[in-house]
Amino acid sequence: MKSYDHKKIEEKWQKRWEEKELYKVENKTEGKENYYTLVEFPYPSGNLHTGHWYAFVVPDAFARYKRMKGENVLFPMGFDSFGLPAENAAIKHGIDPREWTYDNIAHMRDQIKRMGNAFDLSREVVTSDPEYYKWTQWLFLKLYEKGLSYRGKAVVNWDPVDKTVLANEQVLPDGTAERSGAKVGKKELKQWFFKITDYADRLVDDLEELDWPEEIKEAQRNWIGRSEGAILHFKIAPSVRNNTEQTQKNAEELPRNSASSPREAATSIEVFTTRPDTLFGTTYMVLSPEHRILEELKEKIENRDEVARYIDQSKEKTEIERTNEAQEKTGVELKGVKAINPGSREEIPIFVADYVIASYGTGAIMAVPAHDERDFAFAQKYNLPVKQVILPCKEDRNNPPQKGLEETEREVVVAFLKNNATGKYALLNWHGTLEGITTGIMGGIDDGETPEEAVLKEIQEEAAINNARVVRKNPWISSARYCASHKGVNRTSFAHWYICEVDSLSEQGEIPEEEAKLHTLIWVDEEEVLDALGPEDQKNMWSNFLRLSSILDSGKLIQSGEFDGLDSEDAKEAITKKVGGEMTSTYRIRDWLLSRQRYWGCPIPIVYDPEGNPHPVSEEHLPWLLPEDVKLGELTGKSPLATSKELHERVEHLFGVGWTPEYDTMDTFVDSSWYFLRYLDPYNETEFSSKEVQKAWMPVARYSGGAEHTTMHVLYSRFFQKALFDLGLVTESEPYRERLNRGLILGTDGRKMSKRWGNVVDPDEHVERVGADCVRTYLAFIGPYNEVGAYPWDMGGIAGVRRFLEKVNTLSEKVSDKEASEEITQLLHESIMKVGRDIESFKFNTSVSQLMVLSNRFAKEEEVPKEAFKTFLKLLAPFAPHLAEELWLSLRERGSTQNERGWTRNDSVHMQAWPEYDEALLKKPTAEIAIQVNGKLRGVLLLPLETSEEEVRAEAEKLPAVEKYLTEGEVSKVVFVPGKLINFVVKKA
RNA sequence: GCCCGGGUGGCGGAAUAGGUAUACGCGCGAGACUUAAAAUUUCGUGAUCGCAAGGUCGUGUGGGUUCGAUUCCCACCCCGGGCACCA
């Protein structure tokens, strides 16, 4: 028996594939569609770890499958080679970061080759190569020209001992530095930013069109954190000035941002709110301690010392202290200064309090204690008035009133009538309690009736009047949480939902719309209902139905003068307009700070004139080289580039005496924001990536990577792509058509692999022992790849996969020219279908499992039919490319005159077409029919697929196990599913 | 707190336009081969009652709809992740 010598096979084929350039991809191949699939390129840390294997090797099976399906597949690889570890290694061991990085790349490149991936390595990109970062700089300058890159102030964590900038992660919760232990301070530095906030809306809105997992979209939405609301202007009360008229006049004439002008005394404060409808309930205002207007109002504030003290205190607090929700709210009133509520015209007090964040919205809020939890807590503490201006429905969980305030009765939609003739829907409203129906058109419960029965009756009556037919009923009783605490009484609310089809329903005009809203019958048209429901949700009736009713019955305004009675949703815009505010959006996301006070990164191509004004380095000087004569690891408080003599000389030589370079380098996320475009055109010396080539490949069809990059790399590169799109430099506005987040491989103990636990699995050892094919197949088999799972490395599991491959190797010895049996042919075609389908959806585990099923079946045969086995090898090829290739050749040699020496590309199993399956052969000729009585399995019959109900029934009734139950009562119904089951419904006598 | 995922044997996981739950692999048990072990191989393997035939229970918990629910609906619990004094 020929043993499975993985080492020999893998070495041989890797060499030969390379020689024959098997995986080289042209930008155009006659008769083939282009398909671009991508994995995140690695940082060259020195060694490929298990995570890299999982990230590269499983998507490789997909890329190989696509190739065999006849597509021209681009599957490139490169190195994201700028970054901190190189610099740290340099400081620690005195090695040049350049040398360290490129040695690592050389080593990892070899390791990658041993994976047996179908990477086209001729397109490799390395971000620290001057040929690459020349274009990173060029793109930076393009964004700079467009005003998308700017220099601004940033507050950074500053370690006064080490004299260095710290990342948030380097600051301990107690506010001291992780490294030096010094109390970390704040320092304002001039830093470079990208204006990603300009793209916030598009980054959110365009997610809609993308075929991405909801999980990823939602994470991006949360990260961007858009909220829609209004900017409203609150005037400072003129009484302080003693000159009412003039101040008001001034305020009206001044442009919006005048409040922040330092020369004019401040006259108004801007706030952002998502609830302009509650404006009339605003009883005070709060400014964040950092708000500029505090400085401008200084003269007027009577207790300015107290205020100043408070502001100093909050500066002392760390971010974590300040954002701790559990902490009691504190604040100080600005005595002697009042604001005017633009709605009610009342004078209201102004506070400074650190529960308001300077960096969000306008850094100032209008406080509505009746309708906001935080404002309520603050108002309680400082004894401020609470004024309720909305009567919400008591079940409105989104906008509950604060404790002890009034609620209205909610009307609940209970029926949903559709008029087939007009396509209109009618909603019937009703609300009740378990004790008895209290309101609604449908009257009460008759004696002996359950509430459900009562409602059903009413619905049917109502339907009959309208010539409607109830086609589905689906009543519920729910002990709904939102009602439990109502007025201290533990009441249970319930509601019912029916869909009725209506043959002819009275026209909308017959019931005045207003009346319909107030009472019980509400007319809406189909579009409105569908809009409210959304196409996907129509199944989730209960939740839709609540949502719908909350749309129809949301809170009504009170105490708001002319707006009273208006729906709170409608009031938002009306009130905003009335008081001269504007509807707008605010975002959580901040501009992307790209400056890094580091050495090993892409230099920012900017120089400063003697006055300190920034100027771009012109294109002809790119790449703006990273200097080599720097001193690393010195605690100068400046970026390492500042120590380069060469850089200074270069700048003075090119630009003039007194000119200085930018010392910071770019965030490495900039490098990786466009790398997928360089793969397309890696040798282009005149363009970063030609549009012609982009047209051929972009967007990336499927991009697989780590979940940790969802809100960083993926978001940043989407921004880049959009910005470049607007500049006319790229052909697509979204870079990735599909994005999938891969899971994590854990140590054998189920914990995250870490040196600390001593559970790090070295893939090289396993490759040595069982082979790359085995590790590849094992990683594909471990679990679904399209979900973010966490899978422990299982030694038994990998042994099982090795056994499988050995079995396949043995099977090849039994191959003969025998015809495949009908059964094997059927299984083969089923396997072609399943393996392909599951690779397509990244569920490689079930693909492998199907291959195992097929090989188990082959193993039962004395002789393995050759054609079937060849098909099997094609299915195996994406997972175990070396073994499949070896066995493919061995089969070929037998019947062919050509020997191994004459092997060409086209002889490769990887150049074969993916097998087709015959739909007709998928069905098994016989089926196991389940025999059920009242839904319980009582037996199984093996019958031809097409057996009729009568025959199945006759056969089934003969079974003793079934007969026993059939005689217990009368068979009232028989459910028959052809080829699947028969179910006898027996009513006991 | 809000939002997004998810909860199935001892373990990784299969199966959802509602239709025989636990495919495939690991582990475990028994047998064959062997002087022996490993390797290989055959059979068994959700729980429970039973000598057996067979019964009962079983997809986080409690309800509902259905002839039939892991799958649909409601409520709750737990785990993972995103955001969070975000106005």
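Sequence lines set the chain letters: A, B, ... in the order given, protein chains first and strands last, and positions in each chain run from 1.
The base-pairing partner of B/C28, taking Watson-Crick or G-U wobble contacts with both distances under 3.5 Å, is B/G44. Nucleotide B/C67 forms a Watson-Crick or G-U wobble pair with B/G19, both donor-acceptor distances falling under 3.5 Å.
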Between N or O atoms, less than 3.5 Å apart, protein on one side and nucleotides 11-13 of chain B on the other: list the pairs.
unit_1: B/G12; atom_1: O2'; unit_2: A/Ile782; atom_2: O; d: 2.6
unit_1: B/G13; atom_1: O3'; unit_2: A/Asn845; atom_2: ND2; d: 3.3

Anything under 3.5 Å between a protein N or O and an N or O of nucleotides 42-51 of chain B, put it in a table, one pair a line.
none

Check nucleotides 81-83 of chain B against the protein and report each pair of N or O atoms closer than 3.5 Å, with its distance, or say if there are none.
unit_1: B/G82; atom_1: N2; unit_2: A/Asn222; atom_2: ND2; d: 3.4
unit_1: B/G82; atom_1: N3; unit_2: A/Asn222; atom_2: ND2; d: 3.2
unit_1: B/C83; atom_1: O3'; unit_2: A/Arg588; atom_2: NH1; d: 3.1

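A gap of 26 Å separates the C1' atoms of B/U41 and B/G46, to the nearest Å.
One donor-acceptor pair, N or O on each side, does fall under 3.5 Å between the base of B/C85 and the side chain of A/Lys329.
Residues passing the side chain to side chain contact (heavy atoms under 4.5 Å, CB included) test with A/Lys860, sequence neighbours excluded: A/Arg857. A/Tyr778 pairs by the ring-ring contact (aromatic ring centres under 6.0 Å, His included) definition with A/Trp793, not counting sequence neighbours. For A/Lys834, the side chain to side chain contact (heavy atoms under 4.5 Å, CB included) criterion is met by A/Glu830, A/Arg837, A/Gln850, not counting sequence neighbours.
Among the nucleotides B/G55, B/C67, B/A87, the one closest to the side chain of A/Val985 is B/C67. The side chain of A/Ala930 has B/U20 as its nearest neighbour among B/A15, B/U20, B/C24. Side chain of A/Arg803, nearest nucleotide from B/U56, B/A87, B/U40: B/U40. You'll find that the side chain of A/Asn983 is closest to B/C67, out of B/C67, B/C85, B/G27.
Geometrically, A/Arg776 does not engage A/Trp53 in a cation-pi contact defined by less than 6.0 Å to the ring centre and at most 45° from the axis.
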Practice task
May I have the step-by-step check of salt bridge (charged side-chain N to carboxylate O under 4.0 Å, His left out) for A/Glu218 and A/Arg221, ending in yes or no?
Solution key: CA-CA 5 Å; A/Glu218 198 56 32; A/Arg221 281 189 208 111; 2.7 Å; yes
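Side chain of A/Arg938 to main chain of A/Val933: no donor-acceptor pair is present (N/O by atom type, distance under 3.5 Å, no hydrogens or angles).
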